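Owing to the predicted nature of the structure, the values given are computational and were not obtained by experimental measurement.
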Protein chains: 2
Amino acid sequence: MPDQTASSGHRAAPVHRDPDQVPVETALSALADPVRIQLIRELAGDADWTRSCGSFDVPVGKAALSHHFTVLRAAGLVEQRDQGAKRVNRLRRAEFDARFPGLLALVLRPEHPA
Amino acid sequence: MPDQTASSGHRAAPVHRDPDQVPVETALSALADPVRIQLIRELAGDADWTRSCGSFDVPVGKAALSHHFTVLRAAGLVEQRDQGAKRVNRLRRAEFDARFPGLLALVLRPEHPA
DNA sequence: CGAAGTGTATGATTCTCATCGAACACCAGG
DNA sequence: CCTGGTGTTCGATGAGAATCATACACTTCG
């Protein structure tokens, strides 16, 4: 009977970085990619811990997707948690916004004025 | 006897792009480079039209420097004007900030306290 | 005019990064 | 236990970016 806190296992454990320790240049280059921008936007649209990595509609394979999440974690933009077989995500809104005020808003903002 | 408005000549004329027509991704990748960040920072420290392209203390050659300015122009970050033999620069603070509020501030902000 | 200074254009080189395919590890369910 | 689903890792590939050295165009000044 599986524990309700789930994940009794010992797995790789995703490497996170606190937004406070992220250089500006890293944050900018993390967001300067169309695929990652789309990930952030979709992630912002749903509640925390409701989206698994594979649930995003992006035009890349699994390997590339995994890479993008690594970049996002290293930039302090997303947090990941293992939930059973899946790895679920959370956008670190408050923390990231405290470190880089307004930056997330620019990316989440609806595209092209005209 | 040189005209006081200077530049009687017919030269290449630098290609500019209005910040309103710049995609977010372009702005971010333009600022996601250490050399260009330094250029923006130095440029912000002095008055408009007082800095020529060669007056920046960056660890790259002339060709690469010229390339970086091309990128900055295409991102709507700087404006250039020919003044005699030199090409002088101006940071498009207001216009760029109107298009991407807060972004320039993040880059100009003093680097991580610790 | 000739020389020196400033910036651009071109071509080649190097590096980084995004991507894929395949192999592997882990979890859940029959 | 075996199978299908999820995600990571590895190696290789390709595209794009940054850089340099050289050559060129234009300006200014002697």
A:Arg41 vs A:Glu111, salt bridge (charged side-chain N to carboxylate O under 4.0 Å, His left out): CA-CA, chis, key distance, verdict: CA-CA 11 Å; A:Arg41 290 207 177 116; A:Glu111 199 54 66; 3.1 Å; yes
side-chain contact (heavy atoms from CB on, under 4.5 Å) assessment of B:Leu106 paired with A:Arg99: CA-CA 9 Å; B:Leu106 288 178; A:Arg99 172 79 176 95; over 6 Å; no
Worked check of salt bridge (charged side-chain N to carboxylate O under 4.0 Å, His left out) between B:Arg90 and B:Glu95: CA-CA 12 Å; B:Arg90 166 192 161 248; B:Glu95 308 137 89; 2.5 Å; yes
Sugar-phosphate only, base, or nothing, as touched by B:Val71 at under 4.0 Å among non-hydrogen atoms: nothing
DNA chain D contacts among residues 22-33 of chain B, heavy-atom distance under 4.0 Å: B:Asp33
Integer-rounded Å distance: D:dA17 P and B:Leu72 CG: 14 Å
Salt-bridge criterion met for A:Asp46 and A:Arg51 (N-O under 4.0 Å): yes
N or O in side chain of A:His68 less than 4.0 angstrom from C:dT19 OP1/OP2: yes
Gap separating the NE2 atom of A:His68 from the CD1 atom of A:Ile40, nearest 0.5 angstrom: 11.5 Å
Distance (rounded to the nearest 0.5 Å) between B:Arg17 CZ and B:Leu72 CG: 13.0 Å
Residues B:Gln83, B:Ser52; criterion side-chain contact (heavy atoms from CB on, under 4.5 Å); working and verdict: CA-CA 9 Å; B:Gln83 184 173 312; B:Ser52 67; over 6 Å; no
Protein-nucleotide distance (B:Asp82, atom CG; D:dA25, atom P), rounded to Å: 17 Å
Residue pair A:Leu65, A:Leu39: steps toward the side-chain contact (heavy atoms from CB on, under 4.5 Å) verdict: CA-CA 10 Å; A:Leu65 185 58; A:Leu39 291 176; 4.0 Å; yes
Bend angle of the helix from C:dC1-D:dG30 to C:dG30-D:dC1, end axes from five pairs each (to 10°): 10°
Pairing of A:Asp82 and A:Arg87 as salt bridge, 4.0 angstrom limit: yes
Reading 5' to 3' through nucleotides 4-14 of chain C, protein heavy-atom contacts under 4.0 Å coded B for base, S for sugar-phosphate only, - for none: --BBBB-----
Pairwise distance CG(A:Leu77) to CG(A:Asn89) - rounded to 0.5 angstrom: 11.5 Å
